[in-house]
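One structure below.
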Amino acid sequence: MPDLLANLNPEQLAAVTLPNEPALILAGAGSGKTRVLITRIAWLIQQRFATPATVLAVTFTNKAAREMMGRLTALLPIDTRGMWIGTFHGLCNRMLRAHHRDAGLPATFQILDTADQLSAIKRLMKGLGVDDEKYPPKNLQYFINNAKEQGLRPDQVDASDTFNQKFVELYRAYEQQCQREGVVDFPELLLRCYELLVHHAPLRAHYQARFKHILVDEFQDTNKLQYAWLKLLAGPSNAIFAVGDDDQSIYAFRGANVGNMRDFEREFNVRHLIKLEQNYRSHGYILDAANQLIANNARRLGKNLRTDAGHGEPVRVYEAATDTQEAAWAVEEIRALMNQGLARGEIAVLYRSNAQSRAIEHTLVSAGIPYRVYGGLRFFERQEIKHALAYLRLIDNGNDDTAFARVVNFPTRGIGARTIEQLADAARLYNCSMAAAIPYVTGKAGSSLASFANLIAKMRVETERMSLPETVEYVVRTSGLAEFYEGEREGQDRLENLQELVNAATAFVSEEGYGLDTPARSIPLSRGASAAPEIGFSPDDAGDPATTVLDAPGLDEPAQNPDLMTPLAGFLSHASLEAGESQAQAGEDAVQLMTVHAAKGLEFTAVFITGLEEGLFPHENSAIEPEGLEEERRLMYVAITRAKERLYLSFAQSRMLHGQTRYNIRSRFFDELPQETLKWLTPKAEAGARWGGRSDNAGWGRDWFARPDRQQGRYGGSYGGYAATEGAAAALPAFANEQREADTGFRVGQQVFHTKFGEGAITALEGSGADARAQVRFKRHGEKWLALAVAKLQVVE
DNA sequence: TGGGCAGAAGTTTTT
DNA sequence: CTTCTGCCCA
């Protein structure tokens, strides 16, 4: 029996061996968080406190789920088939597939990814004749997803103003459309699953009886709905073991609610709060920097990282004249590090926003250094892949209009916009899917539509007994996609990707344990039957609730076996829920370029944090959020704690952005770091002497400014008082007198609408032209300063 | 039906 | 400056 507990430090040991009661593990960066989570599961099972079937472990990314699964099976010989380890969305999908009838969904419901959802919304709005200038589809998408993440259906959303009323009305219509088409978007997966458990007491009781041990990774990233779902599963008696770090909460902008940690502590009456503060990653100075920086944040649960490693090297700071020069310097340093024997893959260049990668990429290319940029187009998001998947979806579910609209005329088969419009009208008239409305379209248009319908029908018949990979290959060929790309000049890559899709199907079938010959659209009998003793681990299993539920009366069939998913449905879910790796670039051993967000969870021997300038990092836009600056600081904290041995911080006096040269001052974060850990490679200029005092009001984003002699900027500076000295700064004339009283079209007291913050009233105006700003008191978001050139306020009649 | 062009917009991102 | 979107024309 392996000694799971060897080499754990006292805090880790305490966490791993806690009794089965609610627990919150505050795990600092590099403190062995994942290890604790995995060892905890293994220990529970080894000690017979749990069987694999009574454990539910949830993560945010597929990557994390895979890692957990992999490391767990390496620790203990567990049959993972019966385990519920996955992402929130993956687990909810699994549950909804199993109980689709109770959830009010067809067995073949399809999942819309973000892009699919947007096109569904556009189609809806077009059909209803809604002005998409006044109601931008993207805003409606945000509105819908936001509502769902708050657990709100259309009739529960506050619709006090006319704008919201329209959105609510569209939300309702969107839901009807999705329901008719048998499609489900990402937040819907969670909300449906949540409602399923709320409304079906036997199901709820079943899962509550089953999942005695609920473990949550990255708890600080959960949103309200996810937390509610967890609470429901936990019920009155199950324990949640939550692991997270409030200091690494960097996803508030997409709904993450750090407050869940406090709520959890309170609502579950958490008695076990364990802090993992021993850091195994970074040298001392780097941790000192991180600790002191994050101490500037107010609402923290409180935590300080420590290390047994020595101070290590100081944090190197570099001030460049321009972004180009910053890149040149960084690449020189990288070269030096490589010469010292450091692997390229151990070097990362981090930045706040993607646009910043360009300058560094350029320099790396000319230096001939292989690099890899994270982010970008991913496998299942490629055009040709989405097309192929659309055919597969249509075979599975003919009502899926999103899939239908995507490929009805791709490859082109003489079905133009006119015809599609006719069809859409008919579909609306008869309240049916586009496919079902085909017989109602007459004439030539009708016959070309009919032949498309025949094509799909033929595919459906001929793939009846095919395995999943065969089906995919067949569809790629029969749809005409392969032929189309063969004829394209640059279709070679796309053809290869389509072949890769067939390979992905093969891999999926084998990894998921389907028989290679299992027909893609039939329920895998072998799986259904053999999966019954889901645990197969110890003699105790006989009494396990997971086993008994299969025969439990009162539950809807064929739901009980959670794995009752056809290979095709499984594969389509997989394609939607896991977009795949972003395109691999350059060689294996390449310098790593990514945003700070993308770097979370990773570590490198040497890290460059670039573009540390006011307006960029912290980003100007975060000034409008009440807690924006604190999140930026947490982001900086995440960035710093990626470094193991060497950390570089750099900024540039001027930077090309959006075709304009911007002049920024160095980030305030420099002033929040312990100065004794910093080693300035360029002379340190005193911020005060150099730039004049800094205003500390709400609109701190204005601390940077565009060069007035160019004056094209939306942000043209009208602030005087900057003491010009050297270089770029010398180009700054005093500019304060130029302020004119140009009419902004707004007045104090006016009611306005902002797409993100909703309704509010103007309480003050200042500046003019491109620089004009308004202070608005929003009903729900408090007072904010908004740049009129940016904010696009609409006057409410 | 598709290409060409003008105009807009441009933090962060997973599912 | 670049990238994407939507529109118009041949």
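Computed over heavy atoms, backbone and side chain alike; hydrogens, waters and symmetry mates excluded. Predicted model only: the values in this text are computed from it and were never measured.
- Across all strands, Y251(A) comes closer than 4.0 Å only to sugar-phosphate atoms, never to a base (heavy-atom distances).
- Taking side-chain N and O atoms only, R378(A) has a distance below 4.0 Å to OP1 or OP2 of dT15(B).
- Atom CD in E149(A) sits roughly 14 Å away from atom P in dT15(B) (whole-Å rounding).
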Requested in this report: Decide yes or no on side chain to side chain contact (heavy atoms under 4.5 Å, CB included) for E384(A) and L481(A), but give the supporting numbers first.
Outcome: CA-CA 8 Å; E384(A) 63 275 19; L481(A) 282 176; over 6 Å; no
5' to 3', nucleotides 1-10 of chain C under a 4.0 Å protein heavy-atom cut-off (B base, S sugar-phosphate only, - none) gives BSS--S----
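- Between L635(A) atom CG and dT11(B) atom P the separation is 15 Å, expressed in whole Å.
- Residue N62(A) has its side chain nearest to dT15(B) when only dT15(B), dT12(B), dT14(B) are considered.
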Would you please test F651(A) and F670(A) for ring pair (Phe, Tyr, Trp, His ring centres under 6.0 Å) and show each step?
CA-CA 10 Å; F651(A) 62 102; F670(A) 284 108; 5.2 Å; yes
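- Going from atom CG of D396(A) over to atom CZ of F571(A) covers 12.5 Å, rounded to the nearest 0.5 Å.
- Taking side-chain N and O atoms only, N354(A) has a distance below 4.0 Å to OP1 or OP2 of dT13(B).
- Cation-pi contact between R372(A) and Y374(A): present, with separation from the ring centre below 6.0 Å and deviation from the ring axis of at most 45°.
- The aromatic ring of F186(A) is not stacked on the base of dT14(B), since the criterion of ring centres less than 5.5 Å apart with planes inclined by under 30° is not met.
- Listed candidates were dT11(B), dT14(B), dT15(B). Nearest to the side chain of R254(A) is dT14(B).
- Considering only side-chain N and O atoms, T595(A) lies under 4.0 angstrom from the phosphate OP1 or OP2 of dT13(B).
- Two residues, P187(A) and H597(A), neighbour DNA chain B, and the one matched to the more 5' nucleotide by heavy-atom proximity is H597(A).
- Using a 4.0 Å heavy-atom criterion, one finds that T114(A) contacts the bases of the nucleic acid, with or without backbone contacts as well.
- Computed from coordinates, the Q220(A) CD to dT12(B) C1' distance equals 15 Å when rounded to whole Å.
- Between the C1' atoms of dT3(C) and dT14(B), the separation comes to 23 Å (whole Å).
- If you check the side chains of N260(A) and T222(A), you find a donor sitting under 3.5 Å from an acceptor.
- The CD1 atom of I624(A) sits 15 Å away from the P atom of dT12(B) (whole-angstrom rounding).
- Within the nucleic acid shown, N409(A) comes within 4.0 Å of sugar-phosphate atoms alone, with no base atom in reach, counting heavy atoms only.
- Taking atom CG of L602(A) as the reference point, atom P of dT13(B) lies 13 Å away to the nearest angstrom.
- Between L377(A) atom CG and dT13(B) atom P the separation is 14 Å, expressed in whole Å.
- For H89(A), taking side-chain heavy atoms from C-beta onward, the closest of the listed nucleotides dT13(B), dT1(B), dT15(B) is dT15(B).
- Looking at which nucleotide of DNA chain B each of E578(A) and R352(A) is closest to, the 5′-most match is held by R352(A).
- When the ring-ring contact (aromatic ring centres under 6.0 Å, His included) test is applied to Y485(A), no partner is found at least two apart in sequence or on another chain.
- When the side-chain nitrogen and oxygen atoms of S622(A) are compared with OP1 and OP2 of dT11(B), none of them lie within a distance under 4.0 Å.
- Atom CD1 of I144(A) and atom P of dT15(B) are 22 Å apart (whole Å).
- At the heavy-atom level, L112(A) lies nowhere under 4.0 Å from the strands shown.
- Under 3.5 Å, the side chains of D185(A) and Y174(A) contain a donor-acceptor pair of N or O atoms.
- Here the side chains of E578(A) and T87(A) are not in contact, with every heavy-atom distance at 4.5 Å or above.
- Atom-to-atom, CD of E67(A) to C1' of dT14(B) comes out at 17 Å; the value is rounded to the nearest Å.
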